Amino acid sequence: MEQSIESYIKNLVRDVIGQSLGELQLQSDRQTYVIANWKMNKNLNETAEFFQKINSSQDVSVVICPPAQLLYPAHLMIKQSGKPIGLGGQNVHWADKGAYTGESSGSMLRDIGCEYVIIGHSERRQYSYEDDELVNKKVLHAIKSELTPIICIGETLGQKNALQTEQVLEKQLCGALKDIDSSNFILAYEPVWAIGTGQSATAELAGQTHAYIRSILKKIIGEKAEGISILYGGSANESNAADFSAMPDIDGVLVGGASLNAQSFDGIINVFAKGEQNS
Ligand SMILES: O=C(CO)COP(=O)(O)O
């Protein structure tokens, strides 16, 4: 049978650049994020000061993840500012409600204005002994609660030196995404050795690792993997943001230390916004 012009073009695109038109479409739909993880920092006054100073951008999605106690005031401050800024929690429990002292459920986070939640951060894996199974329960709960999970994965220095990076990332990714039938999530590659050390991964290494993560993701969720944003985290700042932004598989950054200062966080937002305008 003769090929239609449409399928001829699709096949030609696939042959020439190795991707289907569907994949290309998903790739171009990919959202760029600049996300602040304040960890256990800032009080109420400092939070108000930050939201007065911070600018936002129409070109990238800006999300702030303050400590739990500051979420609701931050929600009100964002609303009052009229700036397009999203709000995220740094942790969530896996149950809807019950006798879990000190915990918060997804619906509680939604109720106070959150749309996102960080899950599986290496500091929670290290200090609160969260494993892949627990991360998966939290991801399932977040999705059920209509929150977008920002799922963190990353290898330690020991694992990197033992050449286990790919193995570790595949295990964490498959573990976190077990039984997930939604593509409403964000991934963050945060090499543990780069977090808070001032020694970020080079953009080249991060770019290669993101491409590897996407290839694993493709095995798990198929073509939809092209539409998933993968952020880099680990000593990202104003000076190295442009290098990360130039990498095709890096769709934004998850920023710790450099997100605490409104001016330097603004600098990072501007770099990614400019990257979007030029793409
Ligand atoms: O852990 C991080 C973000 O979640 C990264 O922290 P730093 O940017 O301080 O290295």
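Quantities reported herein were computed from a predicted structural model and do not represent experimental measurements. In each ligand, atom 1 is the first atom listed, and ligand 1 is the first ligand listed. Here, residue 1 is the first one in the sequence, and each next residue gets the next number.
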- Query: With no hydrogens and no angle check, is any side-chain donor or acceptor of Gln167 less than 3.5 Å from a backbone partner on Gln164?
  - Reply: no
- Query: Hey, is the main chain of Gly120 close enough, under 3.5 Å, to the side chain of Arg125 for a donor-acceptor pair?
  - Reply: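 Here the side-chain-to-backbone pair exists.
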Do any nitrogen or oxygen atoms of [X] lie less than 3.5 angstrom from nitrogen or oxygen atoms of ligand 1?
| X | answer |
| --- | --- |
| His121 | yes |
| Ile195 | no |
| Gly256 | yes |
| Ser235 | yes |

- Taking a hydrophobic cluster as the set of Ile, Leu, Val, Met, Phe, Trp and Tyr residues connected by side-chain heavy atoms closer than 4.5 Å, whether directly or through intermediates, do Ile228 and Leu147 fall within one such cluster?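 Same cluster: Ile228 reaches Leu147 through Ile, Leu, Val, Met, Phe, Trp or Tyr contacts under 4.5 Å.
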- Message: Just to confirm my output: which protein heavy-atom neighbour is closest to atom 6 (O) of ligand 1, and how far is it?
- Response: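 Checking every protein heavy atom, the shortest distance to atom 6 (O) of ligand 1 gives Lys39 NZ, 3.2 Å.
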- If you have a sec, work out which protein heavy atom is nearest atom 2 (C) of ligand 1 and how many Å separate them, to one decimal?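 Protein heavy atom with the smallest distance to atom 2 (C) of ligand 1: Glu190 OE2, 3.2 Å.
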- Query: For ligand 1, is Gly196 a contact, meaning one of its heavy atoms is under 4.0 Å away?
  - Reply: yes
- Message: Which residue in the set Thr209, Val192, Thr165 passes side chain to side chain contact (heavy atoms under 4.5 Å, CB included) when paired with Glu155?
- Response: Thr165
Do the rings of [X] and [Y] sit parallel, tilted or perpendicular, given the 30° and 60° boundaries?
| X | Y | answer |
| --- | --- | --- |
| Tyr33 | Tyr116 | perpendicular |
| Phe50 | Trp38 | perpendicular |
| His210 | Tyr232 | tilted |

I need the atoms of ligand 1 closer than 4.0 Å to a non-hydrogen atom of [X], numbered in the order shown.
| X | result |
| --- | --- |
| Gly257 | 7 (P), 8 (O), 9 (O) |
| Gly234 | 5 (C), 10 (O) |
| Ala194 | 10 (O) |
| Leu254 | 3 (C), 4 (O) |

- Message: Please work out, at 4.0 Å between heavy atoms, whether the side chain, the backbone, both, or neither of Ala188 comes within that distance of ligand 1.
- Response: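 The answer is neither.
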- Query: Hey, is Lys178 close enough to Asp132 for a salt bridge, meaning N to O under 4.0 Å?
  - Reply: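 So Lys178 does not pair with Asp132 through a salt bridge.
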